[in-house]
4 protein chains.
Amino acid sequence: MPSLEKPTKPAVSLKERQREERARLILEAAQTILLERGYHETSIDDIASQVGIAKGTVYLHFPSKEDLMIALVEGQLQNFVQVIEEVAASTCSARERLEAILRRTYDPSEARRMQIFLEVFGSADMRSRFAEKHERTQPIIDHARTLLRAIIEQGKAQGEFDQHISTKVMIVMYLNLLSPRNYHHLTTDQTVAFEELLPQIIQIFFHGISRKQA
Amino acid sequence: MPSLEKPTKPAVSLKERQREERARLILEAAQTILLERGYHETSIDDIASQVGIAKGTVYLHFPSKEDLMIALVEGQLQNFVQVIEEVAASTCSARERLEAILRRTYDPSEARRMQIFLEVFGSADMRSRFAEKHERTQPIIDHARTLLRAIIEQGKAQGEFDQHISTKVMIVMYLNLLSPRNYHHLTTDQTVAFEELLPQIIQIFFHGISRKQA
Amino acid sequence: MPSLEKPTKPAVSLKERQREERARLILEAAQTILLERGYHETSIDDIASQVGIAKGTVYLHFPSKEDLMIALVEGQLQNFVQVIEEVAASTCSARERLEAILRRTYDPSEARRMQIFLEVFGSADMRSRFAEKHERTQPIIDHARTLLRAIIEQGKAQGEFDQHISTKVMIVMYLNLLSPRNYHHLTTDQTVAFEELLPQIIQIFFHGISRKQA
Amino acid sequence: MPSLEKPTKPAVSLKERQREERARLILEAAQTILLERGYHETSIDDIASQVGIAKGTVYLHFPSKEDLMIALVEGQLQNFVQVIEEVAASTCSARERLEAILRRTYDPSEARRMQIFLEVFGSADMRSRFAEKHERTQPIIDHARTLLRAIIEQGKAQGEFDQHISTKVMIVMYLNLLSPRNYHHLTTDQTVAFEELLPQIIQIFFHGISRKQA
DNA sequence: CATGAATGAGTATTCATTCAT
DNA sequence: TATGAATGAATACTCATTCAT
């Protein structure tokens, strides 16, 4: 019977799990409000009351508003890297792999998880605020870029992509496609459904970078 | 008597001109600092002292910090529309016209004039702040989109662009290209010079949307 | 059966002793940290972790931070009174007895035990905080003063001290000598060692109050 | 007539005078409340409403609560040094000069001006808070000590004071006498009037350090 | 009893905005 | 008109205290 032993370990892990759960709830609330209102318009009180806890409790999990923000971005960045890693391991063609990443990024159930991270780099406020504390995130970003670079260069080598276009530019443009935010710019009048948006974007991008049939 | 000639009109107009000049100086200073530091990190005092006037004077021209910001964006938006209008009137091919707009947007001497406008829509802070006061900018944006739509549809009609891709998507993606900011995302290590960036972006985009040679 | 011997009393007393021991440990830790950092810079957490217990446990012994402080001061005050009482009982001359008290107060091994008490009265923060809860300490202080008064008046009666100087003033000045803190004022550059400081202070004070040889 | 010239200088100086007046009022209020309640128990709001101004206005004059405190202490320190300097210049005997300083320090109209400065060095909180920002005050203190040293050493040379007692110890003890605060320790029961206190203190101290008539 | 997570009152500080000069 | 001193609402953060486990 497993009840023979009553180890203290699970207890510790329980507290730890509760703690992480709490942190996760805070991050989630923070994400929702931050996306809606932005960093400066969101107070710690707002976040706390969204979670249904007291202001002080937020500080038990994150030493400062900024650190909360950074944790949020870092988590999403890691999510993103994980998606790339999973896809990178497959044996499909380069295009298929890049498409897969795009699809997972646009997948509504995933999308929310990455918005802040994508948002952060789009705001002067945020970027300058981040610049200093980037040390930890930079290596993760570098890793992501390395993986993408490998995929794209395979695609070039296999004749899928145009070798005259710099890999760097492809990466940048590809990453641009990843920000669903960009597609709200001037489409608040929801006349293009997301379901039709993605295939067309894919079409433009991959046709755009495909090897020209001279 | 000096009242022989109608002195009021010119006087008013002079004052008015001076007034506008003042407002322009403030907007210019605001633009510079806002781009550098972001909305919240920029105080009215910062802007005033950049212009060399007192804080209170800013309020003689703009009723609030937010209105200053909105005036700034509106001005840039109008700039942008003007560029589109100028180009739209030409008789070049659709692609040539769209390329011309891109080039003027990327042109360093013009670029600064549009960055805030482009930046604003990339920050949750800004967007939510704007949402309410959009009434005035929305018609301008609609006008721009109408002009672009016309060009693109000409391009489709003339067989330049792929008719299977929705015009809306093309517009959105095209507007995305316009934000130089996007190309800083992960290119802080200046390995892709801007001069080579633009032609490649153009290449990808226009090849991407070009009619397929079945 | 273990109930043969009356186990309750010793058990309670053991618990009580443990309880008091705990309280003593807390007071000791509090003293160390409070002296180093001051009342406001010391958190209950600091004290608890210095003792190696949890924050809540401190509250099982002292109803508030302030009460902890008061208990500390009261204990030290009692210490001080005890020193006076021990010395007062001796048969030496008045001057020898007052000197003995001074020496024991300055004795490094004792000194720490009284610093907080002396410190408290030197800080406006502390005094105002104390003012209300003085009721309990006041009688102890009165007792100390009575003892000192007796010694001094003996000294006067025996011709040791100048009868023209008020006993009250002598007491006040004498108590002033007791605060080693005072001698840090401007001697941070440690050029006067404590060992030479005390004899000279004694010399000045007792010569100062000695009967004048007309 | 002096009204012939309407110089702008006086206007500037008026503003400047108003500004200084305001700062003085703040310092005065701060002093009163700080002495009563101590640093931590005094909020900027308390000070502001004591002066009858808004919180923000305090910050127009002092960049932080701490700086306000430092300004206060520094001002009082300078007051003290000025007293010493004035007295030091006289040609009286050493004792007379030291007595003069004591009297001026105890003079009720002056006393309030120095209490904070004397208080600060009596609180662990304050001292540690000050330690860092002492750079500016240290030279002033050193100057004061140099002046006092000179007087005392003259006294020794002239046979007024006992040469066997270290000048440093005399200075320290003398400075101790200067803190009226010390004489409240245990004399809240106003049985010794200040008028009789001072002469007796003087008597003890100067008899204490006087050359012994072997 | 002991714990330490949760609380929320309290505070320093900032800055857009106003208005007397 | 221009100024900039004054204002006070807003907000991040701390920490004594409580209480469920």
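In the text below, chain A, chain B and the rest are named by the order of the sequence lines, each starting its count at 1. No hydrogens, no waters, no symmetry mates; every other heavy atom, side chains included, goes into these values.
- Under the 3.5 Å distance criterion, the side-chain polar atoms of B/Lys65 are left unmatched by any main-chain donor or acceptor of B/His40.
- Scanning residues 46-54 of chain B for heavy-atom distances under 4.0 Å to DNA chain F yields B/Ile53, B/Ala54.
- Nucleic acid contact class of D/Arg19 (heavy atoms, under 4.0 Å, all strands): none.
- One can place CG of D/Leu25 at 17 Å from P of F/dA5, the figure rounded to the nearest angstrom.
- Within the structure, a side-chain polar atom (N or O) of C/Arg22 is placed less than 4.0 Å from OP1 or OP2 of E/dA2.
- If you measure from atom CD of D/Glu41 to atom C1' of E/dA12, you get 15 Å, rounded to the nearest angstrom.
- D/Arg17 is not listed as a side-chain neighbour of D/Glu21, based on a closest heavy-atom distance of 4.5 Å or more.
- Remark: C1' of E/dA12 and CG of D/Leu68 are 12 Å apart, rounded to the nearest angstrom.
- The separation between A/Gln18 atom CD and E/dT3 atom P is 19 Å, rounded to whole Å.
- In this entry the distance linking CG of C/Asp67 with C1' of F/dA16 reads 12 Å, nearest Å.
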Donor-acceptor contacts under 3.5 Å from residues 47-63 of chain A side chains, at least two apart:
residue : atom : partner : partner atom : Å
A/Ser49 : OG   : A/Asp45 : O            : 3.2
A/Ser49 : OG   : A/Asp46 : O            : 3.3
A/Thr57 : OG1  : A/Ala54 : O            : 3.4

Pairs under 3.5 angstrom, nitrogen or oxygen only, protein versus nucleotides 16-18 of chain E, please.
residue : atom : partner : partner atom : Å
E/dA16  : OP1  : B/Lys65 : NZ           : 2.9
E/dA16  : OP2  : B/Ile44 : N            : 3.0
E/dT17  : OP2  : B/Tyr59 : OH           : 3.0
E/dT17  : OP2  : B/Lys65 : N            : 2.9
E/dT17  : O4   : B/Lys55 : NZ           : 3.1

